[in-house]
Amino acid sequence: QVQLVESGGGSVQAGGSLRLSCAASEYTYIMAWFRQAPGKEREGVAAAYSGGTTTYADSVTGRFTISLDNVKHTVYLQMNSLKPEDTAMYYCAADRRWNGRMWSNELRYDSWGQGTQVTVSS
């Protein structure tokens, strides 16, 4: 497993922006962000592959941007135009290998961060 350290998050008003960071202890093939709101299942937000490909959930496309710094082994999630429905605990996930599963499948990842809270008020 890879050690993941998250930072960022906090509280912001609707329409505002936040940036999340997640530093991995070593190279990863894929890094992603998931989120879980109270009473809801955890869902994939965005993922970035070491080769440069990125992918997003429909709910955040056009508002969030994921980027991966392969030198620093760090993934960033820039969140703009935040909405109250973006309120959730955000988790970083990573895996060093390809395994054929969809990026949004939790089982795809063998390493998880501790989570960071994002709260958007209306």
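None of these values were measured; they are calculated from a predicted model.
Atom OH of residue Tyr27 and atom CZ of residue Arg96 lie 11.0 Å apart, to the nearest 0.5 angstrom. The structure places OG of Ser122 at 13.5 Å from NZ of Lys83, a figure rounded to the nearest 0.5 Å. Distance check: Asn99 CG to Arg108 CZ gives 4.0 Å after rounding to the nearest 0.5 Å. Atom CD in Gln1 sits 9.5 Å away from atom CG in Asp95 (nearest 0.5 Å). One distance of note links OH of Tyr29 with CH2 of Trp98; it measures 8.0 Å at 0.5 Å rounding. For the atom pair CZ (Arg101) and CD1 (Ile30), the distance works out to 12.5 Å, reported to the nearest 0.5 Å.
Remark: side-chain polar atoms of Tyr109 are paired, donor with acceptor, to backbone N or O of Trp103 under 3.5 angstrom. No side-chain donor-acceptor contact under 3.5 Å links Gln36 to the backbone of Met89. Side chain of Thr116 to main chain of Gly8: a donor-acceptor pair is present (N/O by atom type, distance under 3.5 Å, no hydrogens or angles).
The neighbour count for Gln114 CD, taken as heavy atoms of other residues, nucleotides or ligands under 6.0 Å away, is above 12. Within a 6.0 Å sphere centred on CD of Glu41, heavy atoms belonging to other residues, nucleotides or ligands number 12 at most.
Listed by first and then second residue, the disulfide bond (SG atoms under 2.5 Å apart) pairs involving residues 10-85 are Cys22-Cys92 (not counting sequence neighbours).
By the 4.5 Å heavy-atom criterion applied to side chains, Ser59 and Arg35 are counted as neighbours. Under the 4.5 Å side-chain criterion, counting only non-hydrogen atoms from C-beta, Gln3 is not in contact with Val5.
Of all non-hydrogen atoms in Tyr91 and Gly113, the two that sit nearest each other are CD2-O, 3.8 Å. Of all the heavy atoms in Ala88 and Ala37, the pair that sits closest is CB-N, 3.8 Å.
Members clustered with Met31: Val2, Leu4, Val12, Leu18, Leu20, Trp33, Val45, Tyr56, Val60, Phe64, Ile66, Leu68, Val75, Leu77, Met79, Leu82, Tyr90, Val118, Val120, by chain and number, using a 4.5 Å side-chain heavy-atom cutoff among hydrophobic residues.
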